[in-house]
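Numbers here simply count residues along the sequence, with the first being 1. Fair warning: this is a prediction, and the values are worked out from it, not measured in the lab.
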Amino acid sequence: MAGKTDQVKGKVKEAVGSLTGDKDLESEGKADRHAGEAKEKLDHAQDKVEEAIDKAKDKAEEAIDKAKDALHRK
């Protein structure tokens with residue numbers, strides 16, 4: 001969510017800087033927008049990693065349960 005907020009804030013600063021001829025504000029807006037895009041990509045990557053970890057945990061628990069069942073049948 002913070003990534004989207006930074007992107008919008010950056011776009012606004014960029015537009016205001018462009019309209020007023022304030023190159024520093026325009027550059028600051030671009031930097032904010034790019035930072036927001038990067039945050040959003042990082043958040044997406046973190047979500048994917050967490051999903052992969054959860055799947056790995058589930059598979060490990062299944063393997064442990066199968067091993068326990070196999071031991072109890074003997």
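- Glu26 pairs by the side-chain hydrogen bond (donor to acceptor under 3.5 Å, both in side chains) definition with nothing, not counting sequence neighbours.
- Membership of the apolar cluster around Ile53 extends to Val49, as traced through chained side-chain contacts below 4.5 Å between ILVMFWY residues.
- Hydrophobic side-chain contacts under 4.5 Å tie Leu42 to no other Ile, Leu, Val, Met, Phe, Trp or Tyr residue.
- Just one residue in the list Val12, Leu19, Val16 forms a side chain to side chain contact (heavy atoms under 4.5 Å, CB included) with Leu25, and that residue is Val16.
- Contacts classified as side-chain hydrogen bond (donor to acceptor under 3.5 Å, both in side chains) and involving residues 49-62 (residues at least two apart or in different chains) are given here: Gln46-Glu50.
- Pairs of residues two or more places apart, or lying in two chains, that qualify as side-chain hydrogen bond (donor to acceptor under 3.5 Å, both in side chains) and include a residue from residues 9-18 are Lys13-Glu28, Lys13-Asp32, Glu14-Arg33.
- How far CG of Asp43 is from NZ of Lys48: 13.5 Å, rounded to the nearest 0.5 Å.
- Under the side chain to side chain contact (heavy atoms under 4.5 Å, CB included) criterion, His34 pairs with Lys30, Glu37, not counting sequence neighbours.
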